[in-house]
Amino acid sequence: MRKLVYFVGLSLDGYIAGPKGELDFYPLSDDMWDWLRAEYPETLPTHVRPHVGIAVDAPNRKFDTLVMGRGTYDPAIAIGVTSPYAHMKQYVVSSTLGRIDDPSVVLVEADPVGLVRELKQQDGLDIWLAGGGKFAAALLEEIDELVIKSYPVVAGTGVPGFAGEFRPTLFRPTRRAEVGGGVQVSWFTRA
């Protein structure tokens, strides 16, 4: 069965992004880019791939399906990109978006848990949960693995990695790697 994997970058104080969605405060070394290209190339948007040395049609290594909330999808729409991860099956969960003008992106207006359970039963690579924090909290019971890129910066405030009710959920660390520029990546599986 496929796993739902929350692959996410966090500041030392647990934020995905700044209060207005800022990401530019994360230090991205050449080593980090090399690691992403080698290990998780599919997590880079299709329109970005040629600019960082990845062929648009490069094979996916870990994920072939992406589920994201509206807050993760909106930045692509803001720059005119309707299918930011065209190299994967894409699902946007939103009750407020209304419609998506791209047949390669599926809008799911309700029941993200049901969607994930259905996707887990299908054949393929794992499923990437791309956030954001409210969406991750809503899917916490379905998350099988966490891959956390911990950046050596404190944000102070912003979009938390999980933004939901108090619900302690145990995960077991399985691996850790330093990928350059002070970034550590930690893998956890559901305990």
Side-chain angles (χ1 to χ4, degrees), residues 1-28 32 36 39-40 42-45 62-63 65-76 84-85 88 90-97 107-120 125-179 182-191:
M1 186 158 87
R2 303 164 83 188
K3 297 181 294 187
L4 179 65
V5 180
Y6 189 23
F7 178 86
V8 64
L10 295 175
S11 64
L12 293 175
D13 51 348
Y15 293 103
I16 298 170
K20 295 180 182 172
E22 304 94 337
L23 297 170
D24 58 354
F25 64 93
Y26 284 127
L28 293 173
M32 181 66 185
L36 281 171
E39 297 297 323
Y40 289 90
E42 64 271 30
T43 64
L44 297 169
K62 311 274 196 281
F63 310 117
T65 304
L66 163 69
V67 293
M68 62 183 137
R70 180 177 182 168
T72 302
Y73 185 60
D74 276 346
Y85 296 92
M88 291 195 274
Q90 304 165 85
Y91 296 86
V92 177
V93 177
S94 172
S95 61
T96 60
L97 192 56
L107 175 63
V108 179
E109 295 183 290
D111 194 17
V113 171
L115 167 67
V116 167
R117 288 180 178 163
E118 180 182 322
L119 293 172
K120 283 182 173 183
L125 299 174
D126 287 335
I127 305 154
W128 174 26
L129 167 57
K134 289 179 187 175
F135 189 43
L139 289 173
L140 180 57
E141 294 304 316
E142 293 301 318
I143 295 172
D144 301 295
E145 185 176 3
L146 301 169
V147 180
I148 298 176
K149 299 170 289 166
S150 179
Y151 291 90
V153 62
V154 172
T157 190
V159 179
F162 287 92
E165 62 188 50
F166 182 73
R167 191 170 51 187
T169 304
L170 292 175
F171 284 83
R172 179 176 49 85
T174 58
R175 186 170 68 151
R176 174 170 279 170
E178 180 129 358
V179 296
V183 177
Q184 293 185 356
V185 180
S186 302
W187 288 260
F188 301 85
T189 58
R190 182 173 288 282

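- Aromatic rings of Y40 and W128 (six-membered ring for Trp) have centroids beyond the 6.0 Å cut-off, not under it.
- Across all their heavy atoms, M68 and P84 have their closest contact at CE-CG, 4.3 Å.
- Nearest heavy atoms, S11 versus F25: CB-CE1, 4.4 Å.
- A donor-acceptor pair is defined here as one N or O able to donate and one able to accept, closer than 3.5 Å; such a pair exists between the side chain of D144 and the backbone of L4.
- The shortest side-chain heavy-atom distance between Y151 and M32 falls under the 4.5 Å cut-off.
- Nearest heavy atom pair, residue Y6 against residue L129, reads CD1-O, 3.3 Å.
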side-chain contact (heavy atoms from CB on, under 4.5 Å) for K149 and F7? Distances and angles first, verdict last.
CA-CA 8 Å; K149 299 170 289 166; F7 178 86; 3.8 Å; yes
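- Atoms CD1 and OG1, from I16 and T72 in turn, are 7.0 Å apart once rounded to the nearest 0.5 Å.
- Of all non-hydrogen atoms in A17 and L23, the two that sit nearest each other are CB-CD2, 3.7 Å.
- A salt bridge between E42 and K62 is absent, with no side-chain N of the basic residue lying under 4.0 Å from a carboxylate O of the acidic one.
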Could you go through the side-chain contact (heavy atoms from CB on, under 4.5 Å) check for R2 and D126 one step at a time?
CA-CA 5 Å; R2 303 164 83 188; D126 287 335; 4.3 Å; yes
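- Within the model, atoms CD of Q90 and OH of Y73 stand 7.0 Å from one another, a figure rounded to the nearest 0.5 Å.
- Taking OG1 from T189 and CD from E145, the interatomic distance works out to 7.0 Å, rounded to the nearest 0.5 Å.
- Side chain of T174 to backbone of W187: a donor-acceptor contact under 3.5 angstrom is found.
- Each of K120, R190, K3 was checked for a salt bridge (charged side-chain N to carboxylate O under 4.0 Å, His left out) with E142, and the lone residue meeting it is K120.
- By the 4.5 Å heavy-atom criterion applied to side chains, V159 and K134 are not counted as neighbours.
- Residues V113 and L139 are in side-chain contact: their nearest non-hydrogen atoms beyond the backbone lie under 4.5 Å apart.
- For the pair P152 and P27, the minimum side-chain heavy-atom distance is below 4.5 Å.
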Might you work through the side-chain contact (heavy atoms from CB on, under 4.5 Å) test for T65 and L125, ending with a clear yes or no?
CA-CA 7 Å; T65 304; L125 299 174; over 6 Å; no
Verdict with reasoning, E141 to T169, per side-chain contact (heavy atoms from CB on, under 4.5 Å)
CA-CA 8 Å; E141 294 304 316; T169 304; 4.1 Å; yes
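- In this structure, the separation between CE on M88 and CD1 on I127 is 11.5 Å, given to the nearest 0.5 Å.
- Atom OH of Y15 and atom OH of Y26 lie 11.0 Å apart (nearest 0.5 Å).
- Note: L66 CG to Y91 OH = 10.5 Å, rounded to the nearest 0.5 Å.
- T96 approaches S94 most closely through the heavy-atom pair N-OG, 3.1 Å.
- In this structure a side-chain-to-backbone donor-acceptor pair under 3.5 Å is present from D13 to G156.
- Using a 4.5 Å cut-off on side-chain heavy atoms (C-beta onward), P112 and F135 make contact.
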